[in-house]
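Notes follow once the structure below has been shown.
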2 protein chains.
Amino acid sequence: MSVGIRHDDLRRRNRAMVLSAVRRAGQPSRTEIAATTGLSHSTISAISSDLIQEGILAESKPSETASLKRGRPQVGLALKPEAAAVVTVVLSLNFLSLAVIDYAGQVIAEEQRRLDTLTMPRNELIGECLAIVRRRLDDPDLDVGSVARIAMGIQGITDSHARTMLWSPITPLTDIPFADILEKEFGIPATMENDCNMMAVALQWRDPHRYRDNFIAILLSHGIGMGLVLKGELFTGTHSSGGEFGHMIHRPGGALCRCGRRGCVEAYAGNYAIWRSAMKMSEDAEPVDVGDADMRALAAKARETDGPEREAYRRAGEALGFGLGSLFALIDPAPVAMVGVSAAAFDLIEPALREAIAQTAGGQHSNSISFDTEPNELPLIREGCAMRALTFVDQEIFASGVQARSGAGKNVA
Amino acid sequence: MSVGIRHDDLRRRNRAMVLSAVRRAGQPSRTEIAATTGLSHSTISAISSDLIQEGILAESKPSETASLKRGRPQVGLALKPEAAAVVTVVLSLNFLSLAVIDYAGQVIAEEQRRLDTLTMPRNELIGECLAIVRRRLDDPDLDVGSVARIAMGIQGITDSHARTMLWSPITPLTDIPFADILEKEFGIPATMENDCNMMAVALQWRDPHRYRDNFIAILLSHGIGMGLVLKGELFTGTHSSGGEFGHMIHRPGGALCRCGRRGCVEAYAGNYAIWRSAMKMSEDAEPVDVGDADMRALAAKARETDGPEREAYRRAGEALGFGLGSLFALIDPAPVAMVGVSAAAFDLIEPALREAIAQTAGGQHSNSISFDTEPNELPLIREGCAMRALTFVDQEIFASGVQARSGAGKNVA
DNA sequence: AGGCTTTTTTTCGAGCCTCGAAAAAATACT
DNA sequence: AGTATTTTTTCGAGGCTCGAAAAAAAGCCT
């Protein structure tokens, strides 16, 4: 089954450990790296000396705080920004955004574009995505040769290998192999990631204290999505990106969901569902798009008077609560981050949510389950894509040593 | 975060690979092992020569089928039965069973006992478990020194490290650290495993073709349990054994569940729930124990006439179907094995189950989801415990080389 | 029967890798 | 300026895997 460890894998893995330690810690000294990896000082010394020679790491001036101690001061190691670059492409409803990010994680270029994703034919949609990347790669200011990875993120379902968009609410089109398309066009390795998974990855980097080994990111937007990290690893389905929390069944045969089925959590907690309920429309009413501004107005009204608007949020909370309860029955409770427009209305959702979750087996100690909110999902998705792409470069390219790098490598003797 | 690879880990890991390959394949030749592990012939030769010298493996006579080919015949390597032994203890409702299993996986001794688990005080329950083990270890026919691991399985929730029984339907007692108790008493490393997880492990070994990377084992008995294998690995919760499929919410505020809450899948599909429904009792009626014979009679009656009995099974199927639908939304569909008394009544359950699952997002291709049934759970649980314990011996004891083994080692120079 | 072919297994030297100890480097303290 | 302290590098030892070649153990062929 799983394959044995060859002798050359050893160095590769330990180089990867060092890179990972540096990316996580920022500017760790060799001694710190030795401590976190458990490898000997001599090994760290050898590996970091190689990595510096190859132009992947650079020594940074000793941190000023260290001056208090006696002894030889530690010298920090940092990722060399010019060692490589990655490109992120995020496709969401009527909106396409791109960023170029250096190896140290800084944004060095970006571009955004509105487009009518719902009605675009297949060729045009793909064409726009390729064009925005090409424009940036053609930029003479950019060292094109150093772009080592493209990570595309999309709202919707992708396959478990992160290569193909299987289905998305932003377009009627299905099964677009974006990763293959990008790779063929630009000759740069690419992935097609699920938006909520990338949100989770970003949270892990933003707040590793709170979001480390086990947590849940839930997107409360038009639809309901989820990114799940268990035991420090992104959880995906066996075939698709999985984690379709929004389509767990809340009430069998219940309200009509955007997916065409009935009773999904989303059919009670998605923006369209809250809107439909607040407007006292039938649960069978066809889902409609609701703008962010309208949702904010709805939330304001719900806060003001105890009418159908407030009841709509209450029902959304109930659906989310029972859904989370079922999820917690499977994985045990974990911290939750609520992301998206309706996360700004979490005050309206939370009471019913907690009440519902307390009625479930998974929510036994519902008070100890903590929620955090973040109304803006796009920056998170981009950050997640960036970190995904960068760690790929760390683990799969730079860890392997001997690779022809055109960008920063040219200065090396 | 994760730790670097030391030089000495290399050998350990590769020895573990070889042992795993031999356990999986039965009597593979060195050449076959080299092929499956990807290691070189020289390495396999060196490692297997060590393992033979240490009394862990033994050469077996060349297989007769190979005689057709030219060339030097392959010589098979097999696990040496005397290299070690493990003990399994399975505790279920009013029933305690033990088995001693040799390193090659053959049962070499067993004992079973009835006891009144529901009313036994804490000390007695623990005492019975210790006593049954002690009796076997005191057996003069048994080479006690070679017992390298005890795996205990219990119906109920265990912690994610497989050390403590947190809760079980077979006793009102909670939080019994059986693993620690056994270790302290006998000085042999022990674990406390969840029954459904062990069913899943056993299926993986019984039919690796069907149950390999992704599958689900569901226990249809008094309660509803689940063991889940994803990407080849047993899935557990973050704190508990997790996978409490039976307590996902089917109908918010619905029928009374044994767990005291309402609307759980189990409150519709557990034996007591089917019985309650067939007897036209209220959904609020307190759950009662139903014997296996009674359940078989109920199933027979349901097959005979289209009355409340058949309807009860239909409702059970519906609950299981919507529950599976929600589960599949999270992990994507996978093969399912139905285990336990009510698996023998799966013909009564299946139609409604398929109908329900077809109404869910996860069950889009409900016809392609395949079900298998196995009415007897106890043998599976024992097998799972045995394989768990044996692979522990492979990976954690024998893989590390230099260890003082009393049993088979004494013949080594 | 004896030599030849084929396949499996072992042997042997080369090349890496990590480790521990000791040396070197760089700073604060006295 | 010398000493103590801490970090980093150097160096030799020991292990591990690998590839190539040799050895072993059959069947095949004349």
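Letters A, B, ... mirror the listed sequences (proteins, then strands); counts begin at 1.
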Euclidean distance, atom [atom1] of residue [X] to atom [atom2] of [N] [Å, nearest integer]:
X     : N      : atom1 : atom2 : value
A:E32 : D:dT6  : CD    : C1'   : 13 Å
A:Q74 : D:dT5  : CD    : C1'   : 13 Å
A:I44 : C:dG20 : CD1   : C1'   : 15 Å
A:R13 : C:dT18 : CZ    : C1'   : 15 Å
A:E59 : C:dA25 : CD    : P     : 15 Å
A:I47 : D:dT9  : CD1   : P     : 13 Å
B:I33 : C:dT9  : CD1   : C1'   : 12 Å
B:D9  : C:dC17 : CG    : P     : 16 Å

Output yes when at least one side-chain N/O atom of [X] is less than 4.0 Å from OP1 or OP2 of [N], else no.
X     : N      : value
A:R6  : D:dC18 : yes
B:T43 : D:dC18 : yes
B:R30 : C:dT10 : yes
A:R11 : C:dC17 : yes
B:S49 : C:dT10 : no
B:R72 : C:dT6  : no

Nearest heavy atoms of [X] and [Y], plus distance in Å:
X      : Y      : result
A:L19  : A:D394 : CD1-O, 3.5 Å
A:A190 : A:E183 : N-OE2, 3.0 Å
B:A104 : B:R23  : C-NH1, 4.5 Å

A:T31 near the nucleic acid: base, sugar-phosphate alone, or nothing, with a heavy-atom cut-off under 4.0 Å? sugar-phosphate
Taking any heavy-atom pair under 4.0 Å as a contact, classify B:N14: base, sugar-phosphate, or nothing.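 Sugar-phosphate: the residue B:N14, judged by heavy atoms under 4.0 Å, touches backbone atoms but no base.
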Ignoring the backbone of [X], work out which of [options] is nearest its side chain.
X     : options                : answer
B:H7  : C:dA21, D:dT7, D:dC16  : D:dC16
B:L39 : C:dT18, D:dG27, D:dC18 : D:dC18
B:R70 : C:dT5, D:dT9, D:dT8    : C:dT5
B:L10 : C:dT18, D:dA25, D:dT17 : D:dT17

Is any N or O donor-acceptor pair between the side chain of A:H41 and the base of C:dG20 shorter than 3.5 Å?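 Check fails, no donor-acceptor contact within cut-off.
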Answer yes or no: side-chain N or O of B:S40 and base N or O of D:dG19 forming a donor-acceptor pair under 3.5 Å. no
Enter the distance from A:E59:CD to A:S48:OG here, rounded to the nearest 0.5 Å.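 It comes to 8.0 Å.
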Heavy-atom donor-acceptor pair, B:R30 side chain to B:H41 backbone, under 3.5 Å: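 Between the backbone of B:H41 and the side chain of B:R30 there is no qualifying donor-acceptor contact (under 3.5 Å).
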Checking ring pair (Phe, Tyr, Trp, His ring centres under 6.0 Å) for the pair A:H7/B:H7: CA distance, chi angles, key distance, verdict? CA-CA 9 Å; A:H7 202 200; B:H7 203 201; 5.6 Å; yes
Let me know, please, whether A:D8 or A:G71 comes out on the 5' side of the other along DNA chain C by nearest nucleotide. A:D8
